[in-house]
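Indexing begins at 1, ligand by ligand and atom by atom, following the structure's order.
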Amino acid sequence: MAVLFLAAALAGCAESEIPQGMRILDGDPETGARHIREYGCPACHTIPGIRSAKGIVGPPLNKFALRAYITGQYPNTPDNLVRWIMDAPAMAPQTPMPDMGIPEDEARHIAAYLYTLR
Ligand code: HEC
């Protein structure tokens, strides 16, 4: 019983470190980190916590949870971030970031990971 309570308390604590408006309730950051490697984001981005992610084609994604805007243009909300990850050119036709055909559930896990970065 005590152990269960402690686990719940710790989980609650980790959750509350992510700013409220940026929580992706059904996204799992660990699964997101796996998808980030699978989809090759590291080739273009430097991403803290992903060892292979040293790319410099796109901007570094450090402190992403603290950024006000995505690419300096779109408010950094969970909805916008998930849309961006799923199909960036649909939002910004001129962007060099490709549409990688990422399904929404996987994009939500990836967004959840990016919102752990602060
Ligand atoms: C072929 C290179 C490339 C790949 C692969 C790529 N990106 Fe990008 N990404 C870019 C570029 C270039 C930009 C800047 C786009 C712009 O300003 O229009 C960008 C922008 C972003 C941004 C906004 C950054 C900011 O500073 O606001 C995020 C978030 C992002 N990418 C996440 C991802 C994720 C997650 C993946 C993997 C699923 C990924 N990218 C794969 C090239 C790439």
Side-chain angles (χ1 to χ4, degrees):
M1 232 7 203
V3 172
L4 271 182
F5 176 76
L6 185 63
L10 286 175
C13 192
E15 181 89 337
S16 64
E17 282 168 17
I18 300 174
Q20 186 134 42
M22 291 182 169
R23 278 184 222 160
I24 304 268
L25 293 174
D26 55 351
D28 170 43
E30 259 177 59
T31 307
R34 184 160 50 79
H35 289 319
I36 283 173
R37 288 187 289 263
E38 286 165 0
Y39 281 108
C41 322
C44 291
H45 290 285
T46 297
I47 310 172
I50 311 271
R51 221 186 319 151
S52 59
K54 302 259 191 279
I56 54 166
V57 177
L61 303 184
N62 62 308
K63 298 198 191 294
F64 203 78
L66 303 179
R67 308 244 183 141
Y69 293 96
I70 300 168
T71 74
Q73 291 184 75
Y74 309 98
N76 186 7
T77 62
D79 278 356
N80 280 343
L81 183 57
V82 168
R83 278 175 60 211
W84 179 265
I85 293 167
M86 287 172 69
D87 184 357
M91 278 172 80
Q94 305 297 326
T95 187
M97 177 156 151
D99 168 12
M100 286 163 281
I102 301 178
E104 181 173 352
D105 60 326
E106 296 183 4
R108 295 181 78 82
H109 294 312
I110 292 172
Y113 181 83
L114 295 181
Y115 283 151
T116 66
L117 303 176
R118 24 194 4 239

field: Close-contact set for ligand 1 against I70 heavy atoms, below 4.0 Å
entry: 23 (C), 27 (O)

message: Pair N76, Y115 - check side-chain hydrogen bond (donor to acceptor under 3.5 Å, both in side chains), show working.
response: CA-CA 10 Å; N76 186 7; Y115 283 151; 2.7 Å; yes

query: Going by the atom numbers of ligand 1, which of them fall below 4.0 Å from some non-hydrogen atom of I110?
result: 35 (C)

query: ligand 1 versus L61, non-hydrogen atoms closer than 4.0 Å: side chain, backbone, both, neither?
result: side chain

message: Tell me whether P96 reaches ligand 1 (any heavy atom closer than 4.0 angstrom to a ligand atom).
response: yes

query: Is any side-chain heavy atom of V57 less than 4.5 Å from a side-chain heavy atom of P96?
result: no

- request: Ignoring hydrogens, just give me the one of C44, P59, P42 whose non-hydrogen atom is nearest atom 43 (C) of ligand 1.
  value: C44

message: I'd like to check R67 versus N62 (side-chain heavy atoms, cut-off strictly below 4.5 Å). Are they in contact?
response: yes

query: Under 3.5 Å, N or O to N or O, is Y39 touching ligand 1 that way?
result: no

message: Please compare H45, R37, E38 and report which has the shortest non-hydrogen distance to atom 6 (C) of ligand 1.
response: H45

- request: Kindly determine whether I85 and V82 satisfy side chain to side chain contact (heavy atoms under 4.5 Å, CB included), including the steps that lead there.
  value: CA-CA 5 Å; I85 293 167; V82 168; 5.8 Å; no

- line: Under 4.0 Å from one or more heavy atoms of R67, ligand 1 contributes atoms 26 (O)

Protein residue, atom and distance nearest to atom 33 (C) of ligand 1, heavy-atom basis: M97 CE, 3.4 Å

field: Expected output: side-chain Y74 to main-chain W84 donor-acceptor under 3.5 Å
entry: no

task: Give the atoms of ligand 1, by number and element, whose distance to some non-hydrogen atom of G58 is under 4.0 Å.
output: 10 (C), 11 (C), 12 (C)

Test item: Y39 and E106 side chains (from C-beta on) under 4.5 Å apart, heavy atoms: yes

Per-atom contacts of ligand 1 with T95, taking only distances under 4.0 Å to non-hydrogen atoms: 15 (C), 16 (C), 18 (O)

task: Report yes or no: does a heavy atom of H35 sit under 4.0 Å from some atom of ligand 1?
output: no

task: Hey, could you give me the CD1/CG distance between I36 and L114, rounded to the nearest 0.5 Å?
output: 5.0 Å

field: Identity and distance of the protein heavy atom lying nearest atom 25 (C) of ligand 1
entry: T71 N, 3.6 Å

E30 with R34: basic N within carboxylate O range, under 4.0 Å: no

- request: Give the C-alpha distance, both sets of side-chain angles, the deciding distance and a yes or no for side chain to side chain contact (heavy atoms under 4.5 Å, CB included) between M100 and E38.
  value: CA-CA 11 Å; M100 286 163 281; E38 286 165 0; over 6 Å; no

message: Donor-acceptor pair, distance only, cut-off 3.5 Å: does the side chain of H45 make one with the backbone of G55?
response: no

task: Please state whether L81 comes within less than 4.0 angstrom of ligand 1, counting heavy atoms only.
output: yes

- request: Could you pull out, from Y113, F64, Y74, Y69, the option with a heavy atom nearest to atom 29 (C) of ligand 1?
  value: F64

- line: among protein heavy atoms, the one nearest atom 22 (C) of ligand 1 is W84 NE1, 3.3 Å

message: What protein heavy atom lies closest to atom 41 (C) of ligand 1? Include the residue and the distance to one decimal.
response: M100 CE, 3.4 Å

Flag side-chain contact, heavy atom, 4.5 Å: T95 against T71: no

task: Using modelled atom types only, decide if a donor and an acceptor are shared between the side chain of D99 and the backbone of P89 within a distance under 3.5 Å.
output: no

task: With heavy atoms of I102 as the reference, note each atom of ligand 1 found under 4.0 Å away.
output: 38 (C)

Proximity flag P98 to ligand 1, non-hydrogen atoms under 4.0 Å: yes

Protein residue, atom and distance nearest to atom 36 (C) of ligand 1, heavy-atom basis: C41 SG, 2.8 Å

